Amino acid sequence: MLSPFRLDLLGKYLCYAIVAVGISLAWGRGGMLTLGQGVFFGLGGYAMGMHLKLQDGELPDFMSWSGVEELPLLWKPFANPVFALAMVIVLPVLVATLLGLLVFRQRVRGAYFAVLSQALAAAFVILLIGQQGLTGGTNGLTNFQYFFGLDLYEDADRRILYLVTALILGASYLSVRQLVRSRYGQLLVAIRDGEDRVRFLGYDPALVKTVAFAVSAGLAGIAGALFVPLVGLLSPANLGIVASLELLVGVAIGGRYSLAGAVAGALLFNYAKTIFSEQWPDGWLYVQGALFVAVMVWAPRGLAGLSHQFRDALSSRRKVEVQA
Amino acid sequence: MSPVRRTLITLLAAGLLAGGCANDPSEGGGSGGNTIKVGILHSLSGTMAISEVTVRDSELLAIDEVNAAGGVLGKKLEPVVEDGASDWPTFAEKAQKLINEDKVATTFGGWTSASRKAMLPVFERNKALLWYPVQYEGLESSPYIFYTGATTNQQIVPALDYLKQQGKKSVFLVGSDYVFPRTANKIIKAYAAANGMTISGEEYTPLGTTEYSTIVNKLGQAKPDVVFNTLNGDSNVAFFKQLRSAGFTAQTMPTVSVSVAEEEVTGIGPANVAGHLVAWNYYQTTEGTTNSTFVKAYKAKYGADKVTSDPMEAGYNAVKLWAAAAAKAGSVDVDAVKKAAGGISLDLPEGKVTIDGENQHVYKTARIGLIQPDGQIKEVWNSGAPIKPDPYLKGYAWAAGLS
């Protein structure tokens, strides 16, 4: 049995794993290197955080520090749980769809898309910090005690929250797996490998890619919404460029072409981060960085790609033998 | 693919199980055995590391001294150091770890307001103690936090009093874009309105900004009597260098800073910032034998070229004050320590420091200093006696609308 503290941490890793499922779809299958997944994570998270902040019916604490005396208009609808839950998915999906349609129609891809998504993350963080009275600024949203009837100060209730997160991870994994195996999934891979050829066949690659991007954004939004009660706070530091990169690094380590690999990678990466930082508080970042470099050098397809790599290596040796 | 996936999932399950076993929480215990564990939680990596590492060092020095003097209740203190990584959720996570897994008796930690706000619910939920060693924006008084840095009426308000006394009429506000500068400036504006001063400008830049030519231009146009600087970290280096290269001196564009101490002066380069004012409660040059002993001990442990600063001193004080409270309580139990802490008064490097039992802040003497060309800071004014902490500024009529 894990102690409540470790279970909480595991719950947090599961959130990152949900994001990883989405990244694996967009990046691994769709070839869209999204460096701004934190934005969608944040949109979902803030939608949930705003609702939780409003549960006691009082003005959120940071507003009174910032000189805001009345609940801003933007916040009012989030007092309604149904609206807030809907926004957790609607907001990120909407932003991703608009962005996707705009960008993919212009045939922006590869490194250009990566830079653009990263810029989006940077801009989002500046916006959140600048609007302190509305968003809590650098501090973000903190101090939640209740989550839809669960008392977050109680270990038993936190265990329920953990189970909900695990179930949602399972559901996202299964549904994205279905999506990947469908005709749509094949089309997505085809576009990744030869966008122009697919276009000449009469498909609209922009639309296909936008769908995958929006699904990955929706998953990030759900993960963000679960992250808020599990961790107890959400701040711009969780959504910025570095945080967005960390979401991606786990997927790269596990293997972006394999859904299970991406999930395992996200869990392992974040677990390693905790353990290293506890063992070597002074130098853990170097250990983590070195491991990432090692994986990228010796297993560019990630851990899940090792067997592929092994098979390739074997068959090329056999070829050499045959030629000899 | 499927055998790979199965292997991965098995590996994963095994790994998680192993993790659960390796971190069995049954060992340890705050006051069990022959030692008492205390937590130290500062950023040892990331943008805040440059400042927070020095506070960790001075806290470790204080722990050494407490141990050399026989420890607390006859037991040695055993520090458990964790890295907050300049990342607020990490602070919350590590605080939880120190409390639940290491079962520390108390924790010393934090620097930024954001890290404190992230840790606050964790300490309140677990009814554990945090000692926070940095000057901050006030408007807070958690029953599970002791604040050994200055609150606003011990740093910002005295600085404003000093400026008013010097006949400064117009103030330009420059700050990093986060909660401390914004709240500080709100207080400054309320003070100015009530004291016949004008605010000739207010500018914020994101943490880590290094481009200040626009702001320096605006300063040149506004020609304020004084610039109130609440920039944090690296930005100060860029700001003061660009101010100087635009031709301004401490005479033509005087500034008063609340986040520039000896450590930062070294980083900025004393030549770039000499002659400017700062507001703190302690300087390395503060007179008294307690301080000269502290400075000597710090240099002996960490190197002769090291400087001591206000937050480091406040961190050092926190350890000493907690040890005194635990000794008085005869226990390291949180409630007992809280009850015993009120009224404890120690002779510390900044002078006499007394804990206010009501709001768990400390009485501190305010000091205005002038940066010297050698990087040290010379005191030019002090409040005479330690000022009673007033985090909500209840004793100031002009601040009525703030909290």
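The structure displayed is predicted, hence computed values, not measured ones. Labels below follow one simple rule: chain letters A, B, ... track the order of the sequence lines, proteins then strands, and each chain is numbered from 1.
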Quick check for you: to the nearest 0.5 Å, what is the distance between [X] atom [atom1] and [Y] atom [atom2]?
{"X": "Met119(B)", "Y": "Thr142(A)", "atom1": "CE", "atom2": "OG1", "answer": "12.0 Å"}
{"X": "Gln132(A)", "Y": "Asp177(B)", "atom1": "CD", "atom2": "CG", "answer": "7.5 Å"}
{"X": "Asn139(A)", "Y": "Leu120(B)", "atom1": "CG", "atom2": "CG", "answer": "10.5 Å"}
{"X": "Phe276(A)", "Y": "Asp83(B)", "atom1": "CZ", "atom2": "CG", "answer": "14.0 Å"}
{"X": "Arg6(A)", "Y": "Lys97(B)", "atom1": "CZ", "atom2": "NZ", "answer": "7.0 Å"}

Electrostatic pair Asp61(A)-Lys117(B), nearest N-O below 4.0 angstrom: no
side-chain contact (heavy atoms from CB on, under 4.5 Å) assessment of Phe62(A) paired with Val179(B): CA-CA 9 Å; Phe62(A) 67 83; Val179(B) 66; over 6 Å; no
Residue Lys301(B) excluded, over 12 heavy atoms near NZ under 6.0 Å: yes
Other residues, nucleotides, ligands: >12 heavy atoms within 6.0 Å of Tyr153(A) OH: yes
Candidate pair Glu93(B) and Thr274(A), rule side-chain contact (heavy atoms from CB on, under 4.5 Å), full reasoning: CA-CA 9 Å; Glu93(B) 173 192 323; Thr274(A) 305; 3.5 Å; yes
Considering all heavy atoms, the nearest Leu152(A)-Arg125(B) contact: O-CD, 4.2 Å
Side chain / backbone / both / neither for Ile129(A) at chain B, heavy atoms under 4.5 Å: both
Structural part of Ser277(A) lying under 4.5 Å from a heavy atom of chain B: both
Side-chain heavy-atom pair Leu44(B), Trp284(A) within 4.5 angstrom cut-off: no
Proximity of residues 233-243 of chain A to chain B, residues having a non-hydrogen atom under 4.5 angstrom: Leu233(A), Ser235(A), Ala237(A), Asn238(A)
Residue part contacting chain A, namely of [X], when any heavy atom lies under 4.5 Å:
{"X": "Lys94(B)", "result": "side chain"}
{"X": "Tyr178(B)", "result": "both"}
{"X": "Asp87(B)", "result": "side chain"}

Top of Gly255(A), Gly283(A), Pro281(A), Gly130(A) for chain B proximity - count of heavy-atom pairs under 4.5 angstrom: Pro281(A)
